[in-house]
Amino acid sequence: RIAYLMEDTALSGGTRVQLAQADALIERGHRVRIVTKGLPLTWRPSRAEWVYLDDFNTYDARDDDFVIATFWTTLSAAWAIAPAKTLHLCQGYEGAFSAYQSIRSEIDAAYKLPIPKLVVTRSLVPICKQFTDDVTYIGQIVDNEFFRARTPPENEPLRVLLCGESQVDLKGMAEGYGAAAHARWFHQRFDLVRVSPWAPSRAEPLDTVQEFHVALTTREMTRLVHSCDVLIAPNHREEGFGLPAAEALASGIPVVMTTIPSFQSFDEKHDYALFAPEGNAVELGERLIELLSDAALRDRVRSRGREVAEQWRAERVAERMEEALLRSRDLTVAKSRG
């Protein structure tokens, strides 16, 4: 019996992962409850039980075996209501985000609570071990609908997808636009497709974009990803995982990505994408040119990406998470017996 504390239900990669985990655990026979201060979910189906409240501290966790804290703001509440049952699902260290530097001390204090941590990528292990020794890698999860055994014929011109909020600097949207501009300067023809959970900022060069999509549901996002031929993933090193890149690999879409720890932790052999230094639009554009101009290279990268993405199938992640939960319970029982 598992309860997730979810700060809100607004569309985001982190929330999508929490919901996918819940569904995967339910598929394995567990009871999962989503406890949230957010509004009723409208952009994705969910098989979980839902509890809506104004204050996590009012939630009665006596009926739960585990309480999973998610965003850093849920950590102290989870510790208050169920200290012996709480785990922290960490998808990225919020203290590294530039937007949160003024409250980093509060974030670090929450991270220092003696709560075991479950991390979605190996690059988060050393970061979380600064706060606790009890850190377990479980892996990211990608919705099964993204996985495709075959890819349809490519579009003419090719469709290049750029995902993320331009208002959040760690997403690297400026470098993504710069990479597209660099490739076009060298006579590459393609349609640039943008998607963001938020409306475009005033600074975005929308005249260079052929399509702009906002706040897509999971099903709509899947259709959009499957309609594209290449993904640019220009994220910065603060990125805890980078879900759109994983979804693209699962979809059989070749990716140009930055050499950040999370992306390079996908696999020991870095042949599942083309890589460019973080923050370097020109080098990112050069890798984009290579991919756009070489169909055989796209096929090779596409094939390796599919192999790497198999680790993120829901059933595999749920199995690893189940093992982590049971191990945590065994350790708690052992400690209680002295």
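Note that the structure is a prediction, hence the values are computed from the model and not measured. Atom set for the values below is all heavy atoms of this structure, side chains included, hydrogens, waters and symmetry mates excluded.
Cluster membership check: V125 shares its hydrophobic cluster with M321, using side-chain heavy-atom separations under 4.5 Å among Ile, Leu, Val, Met, Phe, Trp and Tyr. With hydrophobic clusters built from ILVMFWY side chains whose heavy atoms lie under 4.5 angstrom apart, I34 does not share a cluster with L5. Both L25 and W312 belong to a single network of hydrophobic side chains, linked directly or stepwise wherever heavy atoms of I, L, V, M, F, W or Y lie under 4.5 Å apart. Cluster annotation: V255 and L297 are assigned to distinct hydrophobic clusters (Ile/Leu/Val/Met/Phe/Trp/Tyr, side-chain heavy-atom contacts under 4.5 Å, transitive). Cluster annotation: L161 and L158 are assigned to distinct hydrophobic clusters (Ile/Leu/Val/Met/Phe/Trp/Tyr, side-chain heavy-atom contacts under 4.5 Å, transitive).
The heavy-atom pair separating L216 from L224 by the smallest distance is CD1-CD2, 3.7 Å. The two atoms that bring A24 and I141 nearest to each other are CB-CD1, 4.1 Å, heavy atoms only. Contact detail for T9 and L39: the closest heavy-atom pair is OG1-O, 2.6 Å. The minimum heavy-atom distance linking A82 with V67 is given by the pair CB-CG2, 3.8 Å. In this structure, D169 and S98 approach most closely via the heavy-atom pair OD2-OG, 2.7 Å. Of all the heavy atoms in V32 and A22, the pair that sits closest is CG1-CB, 3.6 Å.
For the side-chain hydrogen bond (donor to acceptor under 3.5 Å, both in side chains) test with R194, the passing option among E204, Q210, E211 is E204; the others fail. The ring pair (Phe, Tyr, Trp, His ring centres under 6.0 Å) test with Y93 singles out one residue from W72, F131, F71, Y100, and that residue is F131.
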For this session: Would you please test L53 and V35 for side chain to side chain contact (heavy atoms under 4.5 Å, CB included) and show each step?
Result: CA-CA 7 Å; L53 41 66; V35 182; 3.7 Å; yes
Problem set entry | Verdict with reasoning, E165 to S196, per side-chain hydrogen bond (donor to acceptor under 3.5 Å, both in side chains) | CA-CA 5 Å; E165 312 95 304; S196 171; 5.4 Å; no
For this session: Start with the C-alpha gap between T121 and Q140, add the side-chain angles, then the distance that decides, and say whether side chain to side chain contact (heavy atoms under 4.5 Å, CB included) holds.
Result: CA-CA 7 Å; T121 182; Q140 191 55 286; over 6 Å; no
For this session: Before giving the answer on salt bridge (charged side-chain N to carboxylate O under 4.0 Å, His left out), spell out for R320 and E323 the whole-Å C-alpha distance, their side-chain angles and the decisive distance to 0.1 Å.
Result: CA-CA 5 Å; R320 292 194 293 269; E323 291 172 356; over 6 Å; no
Exercise. R219 and E145: salt bridge (charged side-chain N to carboxylate O under 4.0 Å, His left out), yes or no, with the steps?
Worked result: CA-CA 8 Å; R219 182 168 296 178; E145 59 195 79; 5.2 Å; no
Problem set entry | side chain to side chain contact (heavy atoms under 4.5 Å, CB included) between D23 and S46, intermediate numbers included | CA-CA 7 Å; D23 285 349; S46 171; 4.2 Å; yes
Problem set entry | Steps toward salt bridge (charged side-chain N to carboxylate O under 4.0 Å, His left out) verdict (D143, R44) | CA-CA 11 Å; D143 280 310; R44 184 194 192 280; 2.9 Å; yes
Exercise. Salt bridge (charged side-chain N to carboxylate O under 4.0 Å, His left out) between E239 and K171: does it pass, once the steps are laid out?
Worked result: CA-CA 7 Å; E239 179 65 68; K171 299 299 181 183; 2.9 Å; yes
For this session: I would like to know whether L243 and V142 meet side chain to side chain contact (heavy atoms under 4.5 Å, CB included); could you show each step before the answer?
Result: CA-CA 8 Å; L243 187 59; V142 171; 4.3 Å; yes
For this session: Report the C-alpha distance between N235 and T258 in whole Å, list the side-chain angles of each, state the deciding distance to 0.1 Å, and finish with yes or no for side-chain hydrogen bond (donor to acceptor under 3.5 Å, both in side chains).
Result: CA-CA 6 Å; N235 307 53; T258 45; 5.3 Å; no
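The environment of CG in D133 is sparse: at most 12 heavy-atom neighbours from other residues, nucleotides or ligands sit within 6.0 Å. Residue-environment remark: CG (D54) stays at or below the threshold of 12 foreign heavy atoms within 6.0 Å.
Contact check for P83 versus L113: no side-chain heavy atoms found under the 4.5 Å cut-off. Side chains of F212 and L206 form a contact here, defined as non-hydrogen atoms less than 4.5 Å apart. Two residues are said to be in side-chain contact when any heavy atoms from C-beta on lie closer than 4.5 Å; W198 and V168 meet this criterion. V119 has its side chain out of reach of H88: every pair of non-hydrogen atoms, C-beta onward, lies at least 4.5 Å apart. A 4.5 Å side-chain heavy-atom check between R159 and E154 finds every atom pair outside the cut-off.
For E175, the salt bridge (Lys or Arg N to Asp or Glu O under 4.0 Å) test picks out no residue, with sequence neighbours left out. Residues that satisfy the salt bridge (Lys or Arg N to Asp or Glu O under 4.0 Å) test with R189, not counting sequence neighbours, are E156.
Taking the centre and axis of the six-membered ring of Y137, the NZ or CZ atom of K117 falls outside the cone set by 45° and 6.0 Å. By the 6.0 Å and 45° rule, R1 does not stack over the aromatic ring of F66.
Between S12 and T15, the side chains place a donor N or O and an acceptor N or O closer than 3.5 Å (distance only, hydrogens not considered). A side-chain donor-acceptor contact under 3.5 Å links S201 and S166. At a cut-off of 3.5 Å, with distance as the only test, a side-chain donor of T151 or R306 sits close to an acceptor on the other residue. Side-chain atoms of R33 and Y59 include a donor-acceptor pair closer than 3.5 Å. One side chain, Q21 or Y4, offers a donor N or O that lies under 3.5 Å from an acceptor on the other.
Ring geometry, F266 versus F241: the interplanar angle falls from 30° to 60°, so the pair is classed tilted. Note on ring orientation: taking the six-membered ring where Trp is involved, the planes of H182 and F186 are tilted (angle from 30° to 60°).
Under a 3.5 Å cut-off, the side chain of S303 and the backbone N or O of R300 do not form any donor-acceptor pair. The backbone N or O of A78 sits less than 3.5 Å from a side-chain atom of T86, completing a donor-acceptor pair. The main-chain N or O of G252 is found under 3.5 Å from a side-chain atom of R302 such that the two form a donor-acceptor pair. R31 contributes no side-chain N or O that, together with a main-chain N or O of I26, makes up a donor-acceptor pair within less than 3.5 Å. The main-chain N or O of F146 is found under 3.5 Å from a side-chain atom of S251 such that the two form a donor-acceptor pair. Judged purely by atom type and a 3.5 angstrom limit, T132 has no side-chain atom pairing as donor or acceptor with the backbone of K129. Q264 contributes no side-chain N or O that, together with a main-chain N or O of P261, makes up a donor-acceptor pair within less than 3.5 Å.
A salt bridge is defined here as a Lys NZ or Arg NE, NH1 or NH2 lying under 4.0 Å from an Asp or Glu carboxylate O, and R316 with E319 fails to meet this definition. Salt bridge K37/D55: absent, no basic N to carboxylate O contact under 4.0 Å. With respect to the salt-bridge test (charged N to carboxylate O, under 4.0 angstrom), the residues R62 and D60 qualify.
Between D191 atom CG and N155 atom CG the span is 8.0 Å, to the nearest 0.5 Å. In this structure, CG on L274 lies 11.5 Å from CD on E286, to the nearest 0.5 angstrom.
Checked against the 6.0 Å centroid criterion, the rings of H270 and F263 do not qualify as a close aromatic pair.
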